[in-house]
Student: 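Below is the structure I would like to discuss, written out as structure tokens.
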Amino acid sequence: MQGLSTALVALVGVLAMMLAGHFSLSRGVPGRAWLVAFCLAFALQSGLLVLHLLSPGVLPPALRAVVGASIPPLIYLFFARSSGLPAASLQWRDALNALPVLALFVLVLTPDAGWWIDAAMVSTEAGYALALLSLNRASGPVGPIRRRALLFAAGFLIAVAVLDVLIAFELAGGRLLEGSLALRVAVLLLLAVLVAWFVWAWRDPEWFRHLASSVLDAAPSTPAEAPIDHTLDPEAEALCRRLDVHLRERQAYAEFGVSLASTAKRLSVSSKQLSAAVNHVHGRGFRTLLNDYKVEAAARLLIDPAMAQRPITEIMFDAGFQTKSNFNKEFVQRKGVSPSEFRAEHLPQ
């Protein structure tokens, strides 16, 4: 059983390293550095645990607590500093999130501080779980993916805190760490979370951008070609006309990984300014507007007689969609029928 636990912990570390590589390649995405650091800390934590299970006593057990204390702050900083909100940029007070790590480090150096180390670790995890829940309420309008991720992250930290309490009681009762039932449950939980993460990324390659975005796309969609209301703010209207030229004439909507941040950079404006202009002029978020352009492009290709023999999957990619499920969902939402039904209705058999 110990060998199985060691193998599972090692697998958790490998998956964490692979996710760190995935995030490091996701250029132009807000907050990616925090997730890279989180995954590296996660992998280091797993590596230290593997060393302990293979050779107990090689490293001080409390060293894992110091590394583990860095994980909740990194999760919090990702959500707090990748939202696109006015306070989303890195701030000097973010350095205060290093205090839990410093506190654990001091306790590790303090003789006979075993229970204090456990209490500080659990308090850090529970405290940041509450901070994430507060962030969920205070961050204003956010997309459903981001809101679910916030709640999931808070729930994950609470679950880890509970398991750490159970592990501490088992160790106090004389059981060795390698024989801890709570540890095995924790390892299985971590493994399940990382596997789910991989499946999520596989189903939607742009999930990271959806998660980092705080633009609320809840407003009903209208066609991308809808005329702009000339009674609106002239600056916002002019910016949206530049956006239309950028997306339509240059077909930027079909670029892989196109986002609010990358588009704002192309237009030499801030993400906040572009988001506000799109919501003010078009009455919906940037992501919804982008999907409007993609769906219209796909519709044009589907009814083009020259494309009649071309697979719908290829048209999906040409329009800028990356997954079939997302393509079908967005297309049906706007056209009322699936892409195949739309093609059958408009092209003679």
Side-chain angles (χ1 to χ4, degrees), residues 26 28-29 143-146 199-213 215-229 237 239-264 266-267 274-275 277-279 281-349:
S26 302
V29 179
I145 292 178
R146 180 179 172 82
V199 172
W200 191 5
W202 174 71
R203 293 186 61 186
D204 184 6
E206 295 188 37
W207 72 271
F208 192 13
R209 297 182 183 279
H210 301 163
L211 177 62
S213 175
V215 180
L216 180 61
D217 289 340
S221 173
T222 56
E225 289 83 359
I228 296 176
D229 185 351
E237 177 184 349
L239 179 54
C240 284
R241 291 194 182 281
R242 290 173 55 204
L243 174 64
D244 180 75
V245 171
H246 174 71
L247 293 177
R248 191 186 308 282
E249 296 184 5
R250 300 179 183 177
Q251 297 185 344
Y253 57 81
E255 295 178 0
F256 179 76
V258 59
S259 66
L260 174 66
S262 63
T263 303
R266 293 274 190 91
L267 297 177
L274 180 59
S275 176
V278 169
N279 278 277
V281 174
H282 293 283
R284 52 195 185 278
F286 176 82
R287 179 62 56 179
T288 299
L289 181 67
L290 191 65
N291 284 332
D292 289 343
Y293 279 87
K294 293 180 179 182
V295 168
E296 292 304 321
R300 289 193 298 271
L301 294 174
L302 287 171
I303 63 176
D304 186 350
M307 298 287 180
Q309 302 303 317
R310 193 168 190 185
I312 292 180
T313 303
E314 293 185 9
I315 290 178
M316 174 192 80
F317 286 122
D318 288 343
F321 288 100
Q322 302 300 320
T323 61
K324 190 173 182 180
S325 59
N326 188 43
F327 173 50
N328 289 334
K329 181 190 73 173
E330 299 293 341
F331 197 95
V332 171
Q333 180 180 344
R334 290 161 177 77
K335 300 299 183 182
V337 294
S338 67
S340 57
E341 292 171 337
F342 183 82
R343 169 181 268 182
E345 289 177 2
H346 292 81
L347 287 180
Q349 302 297 322

Student: Report the distance from atom CZ of Phe286 to atom CG of Asp292, rounding to the nearest 0.5 Å.
Tutor: 11.5 Å
Student: In the structure I gave you, are the side-chain heavy atoms of Pro339 and Met316 within less than 4.5 Å of one another anywhere?
Tutor: no
Student: What heavy-atom pair brings Asn326 and Phe321 nearest, and what distance separates the two atoms?
Tutor: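 Scanning both residues, the minimum pair turns out to be ND2-CD2, 3.8 Å.
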Student: For Ile315 and Ala298, which heavy atoms make the closest approach, and how far apart are they?
Tutor: CG2-O, 3.9 Å
Student: So if I apply the side chain to side chain contact (heavy atoms under 4.5 Å, CB included) rule between Leu301 and each of Met307, Arg310, Glu296, which one comes out positive?
Tutor: Met307
Student: Do Lys335 and Glu345 sit within salt-bridge range, that is, some charged N less than 4.0 Å from a carboxylate O?
Tutor: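 No, no charged N to carboxylate O under 4.0 Å.
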Student: For the backbone of His282 and the side chain of Arg284, can you confirm whether one donor and one acceptor N or O come within less than 3.5 Å of each other?
Tutor: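 The answer is yes, because a donor-acceptor pair under 3.5 Å joins these two groups.
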Student: Looking at side-chain heavy atoms only, is the closest gap between Lys294 and Glu330 below 4.5 Å?
Tutor: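 Not in contact.
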Student: For Ile312 and Ser340, work out which heavy atoms get closest and say how close.
Tutor: CD1-CA, 3.6 Å
Student: Check step by step if side-chain contact (heavy atoms from CB on, under 4.5 Å) holds for Leu243 and Leu289.
Tutor: CA-CA 11 Å; Leu243 174 64; Leu289 181 67; 3.8 Å; yes
Student: Determine whether the side chains of Asp244 and Tyr293 contain a donor N or O and an acceptor N or O closer than 3.5 Å.
Tutor: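 Result is yes, a qualifying pair exists.
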Student: How long is the straight-line distance from CZ of Arg300 back to CG of Asp318, given to the nearest 0.5 Å?
Tutor: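 Between atom CG of Asp318 and atom CZ of Arg300 there are 12.0 Å.
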Student: In terms of the angle between their ring planes, are Phe342 and His346 parallel, tilted or perpendicular, with boundaries placed at 30° and 60°?
Tutor: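 Rings of Phe342 and His346: tilted, 30 to 60°.
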Student: Side-chain contact test, heavy atoms from C-beta onward, threshold under 4.5 Å: evaluate it for Arg334 versus Thr288 and give yes or no.
Tutor: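 Arg334 vs Thr288: side chains touch.
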Student: If I compare all heavy atoms of Ala277 with all of Cys240, which pair ends up nearest, and what's the gap?
Tutor: O-SG, 3.5 Å
Student: Counting N and O atoms only, with roles assigned by atom type, does the side chain of Glu341 sit under 3.5 Å from a partner on the main chain of Ser338, one being a donor and the other an acceptor?
Tutor: yes
Student: Would you sort out whether Arg250 and Arg266 count as a side-chain contact (heavy atoms from CB on, under 4.5 Å), showing the intermediate values?
Tutor: CA-CA 12 Å; Arg250 300 179 183 177; Arg266 293 274 190 91; 5.9 Å; no
Student: Write down the atom of Thr263, the atom of Leu274, and the distance for their closest heavy-atom approach.
Tutor: CG2-CD2, 4.0 Å
Student: Mind listing the closest non-hydrogen atom pair of Asn279 and Ser275 along with its distance?
Tutor: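 Looking at all heavy atoms of both residues, the shortest contact is ND2-O, 2.8 Å.
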